Amino acid sequence: MKIKGGELKLWMDEDWPGDDFYWDHDLFDDEPDVELTYDTDDLGPLLYQGHDEDPTDGAGYDLAKLIRRWRKTTGKTVFTVAVPKEKEAEFKAYVKSLGGSTL
């Protein structure tokens, strides 16, 4: 599944399963580039490294499934838009007035 870096970062901020999980990839260090598009197959599963029993039985969580579930429950739609530079502040203010945010 393809996902824009901005949406991936939003998912990481809102729905990451906890401190006991990590990725084993070299596409980025801490945060994705919000401008790039990533493939969840390249990112791989979220692997468990906690002290308790692994809830995934060693398989890890399928990232695409986690993101799809989050999309259904978050109540948000993520857009990629092009706005004239001189209208950027106005656009961001409008989005904020609707209760949204820009990534």
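Values below: every heavy atom of this structure, side chains too, minus hydrogens, waters and symmetry copies. All values derive from a computational prediction rather than experimental measurement.
Atom-to-atom distance recorded for Leu10:CG and Ile3:CD1 is 9.0 Å, nearest 0.5 angstrom. Between atom CG of residue Leu47 and atom OG1 of residue Thr56 there is a gap of 7.0 Å, rounded to the nearest 0.5 Å. The CG atom of Asp20 sits 10.0 Å away from the CG atom of Asp54 when rounded to the nearest 0.5 Å. Interatomic distance, NE2 of His25 versus CG of Asp41, reported as 13.0 Å (0.5 Å rounding).
Taking the side chain as every heavy atom from C-beta outward, Asp62 and Pro45 never approach each other to under 4.5 Å. Side-chain atoms of Phe28 and Leu36, non-hydrogen and from C-beta on, never get closer than 4.5 Å to each other. Ile67 has its side chain out of reach of Lys72: every pair of non-hydrogen atoms, C-beta onward, lies at least 4.5 Å apart.
Summarising the geometry of Ala64 relative to Thr40, their closest heavy-atom pair is CB-OG1, 3.6 Å, with the distance given to 0.1 Å. Taking every heavy atom of both residues into account, Pro32 and Met12 meet most closely at CD-SD, 3.6 Å. In this structure, Asp15 and Leu66 approach most closely via the heavy-atom pair OD2-O, 4.3 Å.
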Kindly determine whether Trp70 and Glu7 satisfy side-chain contact (heavy atoms from CB on, under 4.5 Å), including the steps that lead there.
CA-CA 11 Å; Trp70 170 75; Glu7 184 179 17; 3.8 Å; yes
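For Glu31, there are no side-chain hydrogen bond (donor to acceptor under 3.5 Å, both in side chains) partners at least two apart in sequence or on another chain. Remark: Asp42 pairs with Leu27, Asp39 by the side-chain contact (heavy atoms from CB on, under 4.5 Å) rule, at least two apart or across chains. Remark: Tyr48 pairs with Phe21 by the ring pair (Phe, Tyr, Trp, His ring centres under 6.0 Å) rule, at least two apart or across chains. Checked against side-chain hydrogen bond (donor to acceptor under 3.5 Å, both in side chains), Lys76 has the following partners two or more places apart in sequence or in another chain: Glu14.
For CD of Glu53, the number of neighbouring non-hydrogen atoms (other residues, nucleotides, ligands) closer than 6.0 Å is 12 at most. Heavy-atom contacts from other residues, nucleotides or ligands closer than 6.0 Å to CG of Asp19 number 12 or fewer.
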Donor-acceptor pairs under 3.5 angstrom involving side-chain atoms of residues 95-103: please list them, not counting sequence neighbours.
unit_1: Ser97; atom_1: OG; unit_2: Tyr94; atom_2: O; d: 2.6

Contacts table for residues 77-89: side-chain donor-acceptor under 3.5 angstrom, sequence neighbours left out:
unit_1: Lys85; atom_1: NZ; unit_2: Glu88; atom_2: OE1; d: 3.3
unit_1: Glu88; atom_1: OE2; unit_2: Lys92; atom_2: NZ; d: 3.1

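The aromatic rings of Trp23 and Trp11 sit tilted relative to each other, their planes meeting at an angle between 30° and 60°.
In the hydrophobic clustering of this structure, Tyr38 groups with Trp16; members are Ile, Leu, Val, Met, Phe, Trp, Tyr whose side-chain heavy atoms approach within less than 4.5 Å, directly or through other members.
Looking only at distances, a side-chain donor or acceptor of Lys4 sits under 3.5 Å from a matching main-chain atom of Glu35.
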